[in-house]
Amino acid sequence: MSGRKKKRSGRPFGSSLPPASRGPAPEAGSAAVAEPGQPDSNPPATIPDLPPPPQLVLDPVPAESGPVAPLAEPKVPVAPIAEVSLPPPVQPPVIVPPSATTWVFATPAPAPAPSAAATAAPLPPAEDAGPRLSEDYAKLQRRLPVDAPGAVEEYRFFREKASLAGNARLLAQCSIDLGAAYDAAGDHANARVEFQRVVAHGAAAGETALVGIAKDWLGLLAQSEDRHEDALRLHLEALGALRKSGRPHPLSRCLNNLGLVRAREEDFGDAIENFREARDLRAAAGDQPGVARLEANLGVACLLLDRDADAEKHFRAALAIMDEMRDAFAGGGQDLVASVCTNLAVCAENSGHLEEAGGLSARAASIYSDRENARGLTDARHNGGYAALRVGDHDGAIREFNLAAEAGASADERLLAAQSIFNIAVAQARGGNAEQARKTCQAARAEFAHMADAEGGRRTQEFLEVLPNANQSDVLEKMLGMAYVMRKRRTFQAARFSA
């Protein structure tokens with residue numbers, strides 16, 4: 001065997017070495033080294049022990065003309081590796097949290113050369129995008145009112161389904177219903193977000209009617225924050241959109257709410273016109289509960305204009321429907337029934353029907369007590385006491401005024417409680433107990449002074465001055481004139497989905 005030692009190939013076996021550690025290329029005529037796993041084509045007779053590889057020293061590359069090129073990395077010829085076609089990388093799924101819904105009102109980009117029919121109707125009907133989804137949503141609406149417990153979760157879940165399906169119209173309706181559910185749950189911030197989404201994207205999707213409904217809701221939220229100018233603007237914008245839609249129920253709701261903001265601004269004349277038009281729309285649609293609510297609103301507006309006869313007519317019409325359709329006014333609807341009874345009692349007392357006024361006040365008090373509505377109970381008990389005072393039932397008047405004062409204190413209505421206490425003094429004096437009347441009047445006077453109520457201070461002072469002559473009939477009549485009269489309930493009913 002030749003004394004010339006066989007050079008090792010610089011190719012790595014089994015693992016890649018850094019470029020600086022690769023050996024030089026084999027010389028011509030040297031024995032080829034087989035790939036791992038292949039037989040050697042020229043195996044040596046014996047394999048001597050090889051010394052460790054020498055330290056590699058790289059010769060510099062001769063410079064060509066021009067700038068000196070950087071040292072090139074030594075290259076080792078490597079057999080080409082066959083290209084392997086790899087599948088495209090799998091993109092991880094994008095998880096969208098419920099609070100970050102992607103709005104899909106914008107119409108998807110059209111395919112090249114869209115047809116005339118496609119450009120004329122960019123928003124397909126909800127049935128075309130998913131008939132099963134629309135049917136399921138209709139079932140949800142029938143099964144679960146927006147003000148029912150658990151409505152927020154279910155409507156939010158369905159809103160996400162409509163978003164994923166790309167159904168713009170159904171998504172808008174889901175967002176309105178979800179906003180209404182938030183409103184019923186007292187979450188006005190999230191309700192506003194849902195309605196603002198519809199306003200921002202619905203017009204571009206051709207959903208004018210749904211934009212009108214959303215603006216009507218935003219107007220109600222503005223009313224709840226005493227932003228009456230914003231509320232008036234939003235309701236007027238909604239009214240313009242809904243008149244074009246030809247949908248009577250949303251239009252009547254908007255008219256009712258527009259009348260509400262006008263009544264709160266004491267523009268009762270325009271408010272009555274809005275309420276009347278809304279009532280007629282509800283009557284034409286056969287919605288008797290809606291008619292009753294609007295009759296109640298008309299009654300309050302007329303009562304505040306001192307049009308007692310008109311107010312009484314509207315309240316009686318409302319109460320007749322409520323008594324006939326008790327199931328429609330169960331639960332929270334009972335507060336409206338009690339409010340109508342309270343105001344109708346005021347009309348009855350003004351027209352001299354004192355026993356009816358007392359009976360209506362007692363009915364209202366019973367409802368407010370069951371509903372734990374201390375503020376309403378304060379007015380109902382006070383009105384019942386005043387009706388008893390007018391008919392000469394002094395003991396009954398004292399009892400009702402005492403209950404009114406207790407309810408007022410629990411409702412943190414100290415001024416109303418003080419007024420009822422003063423009326424107790426009037427009843428005591430007219431019942432012949434002047435000494436007790438004086439003590440009661442002084443207690444009421446202290447309350448009025450604590451609240452810096454000048455009117456209450458004036459009445460108590462005048463009462464104490466005439467009290468020594470309480471045995472005279474003209475003085476007793478004067479005392480009756482000093483008493484605080486029946487209270488009116490300024491409770492207009494906003495039109496929401498549950499109304």
Between [Y] and [X], does any NZ, NE, NH1 or NH2 come within less than 4.0 Å of an OD or OE carboxylate oxygen?
X      : Y      : value
Glu455 : Arg458 : yes
Arg243 : Glu277 : yes
Arg276 : Glu295 : no
Arg132 : Glu135 : no
Glu312 : Arg316 : yes
Lys478 : Glu462 : yes
Glu154 : Arg143 : yes
Asp453 : Arg414 : no
Asp335 : Arg293 : no

Taking atom types as modelled, is there a side-chain donor on [X] or [Y] under 3.5 Å from an acceptor on the other?
X      : Y      : value
Tyr368 : Asp379 : no
Gln223 : His235 : yes
Arg445 : Gln461 : yes
Arg371 : Gln334 : no
Arg197 : Ser175 : no

Nearest heavy-atom pair of [X] and [Y]: which atoms, and what distance?
X      : Y      : value
Arg489 : Ser339 : CB-OG, 3.8 Å
Leu303 : Ala311 : N-CB, 3.6 Å
Gly396 : Ala388 : C-CB, 4.1 Å
Ala404 : Ser420 : CB-OG, 3.5 Å
Val146 : Ala151 : O-CB, 3.4 Å
Ala162 : Leu133 : CA-CD2, 4.1 Å

Taking [X] for its side chain and [Y] for its backbone only, find out whether a donor-acceptor pair lies under 3.5 Å.
X      : Y      : value
Ser163 : Arg159 : no
His314 : Leu294 : no
Asn256 : Gln493 : yes
Arg487 : Leu416 : yes
Ser369 : Ser366 : no
His249 : Asp287 : no
Asn257 : Ala494 : no
Thr440 : Gln436 : yes
Ser224 : Leu221 : yes
Asn350 : Val346 : yes

Apply side chain to side chain contact (heavy atoms under 4.5 Å, CB included) to the pair Tyr182 and His188, showing each step before the final yes or no. CA-CA 6 Å; Tyr182 276 128; His188 300 309; over 6 Å; no

According to the interplanar angle, ranging from 0 to 90°, do the rings of Trp217 and Phe195 count as parallel (below 30°), tilted (30 to 60°) or perpendicular (above 60°)? parallel

Below 30° counts as parallel, above 60° as perpendicular, anything between as tilted: where do the rings of Phe422 and Tyr484 land?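 Perpendicular: the ring planes of Phe422 and Tyr484 meet at over 60°.
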
Spacing of [atom1] belonging to [X] relative to [atom2] belonging to [Y], to within rounding of 0.5 Å:
X      : Y      : atom1 : atom2 : value
Thr342 : Phe315 : OG1   : CZ    : 9.5 Å
Arg253 : Leu220 : CZ    : CG    : 10.0 Å
Ser410 : Arg375 : OG    : CZ    : 11.0 Å
Lys313 : Asp310 : NZ    : CG    : 5.0 Å
Leu336 : Phe329 : CG    : CZ    : 6.5 Å

Just so I know, are the side chains of [X] and [Y] near enough to count as touching, which here means a heavy-atom distance under 4.5 Å?
X      : Y      : answer
Leu389 : Val426 : yes
Leu304 : Phe492 : yes
Asn167 : Leu171 : no

Crowded around Glu355 CD? As in, over 12 foreign heavy atoms under 6.0 Å?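 Not more than 12 within 6.0 Å, no.
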
In this structure, are over 12 heavy atoms from other groups packed under 6.0 Å from Glu153 atom CD?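 Enclosed: over 12 neighbouring heavy atoms sit under 6.0 Å from CD of Glu153.
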
I would like to know whether Gln173 and Asp177 meet side-chain hydrogen bond (donor to acceptor under 3.5 Å, both in side chains); could you show each step before the answer? CA-CA 6 Å; Gln173 185 62 63; Asp177 290 344; 3.2 Å; yes

Carefully, step by step, assess Arg156 and Glu194 under the rule salt bridge (Lys or Arg N to Asp or Glu O under 4.0 Å). CA-CA 10 Å; Arg156 184 169 53 202; Glu194 296 301 323; over 6 Å; no

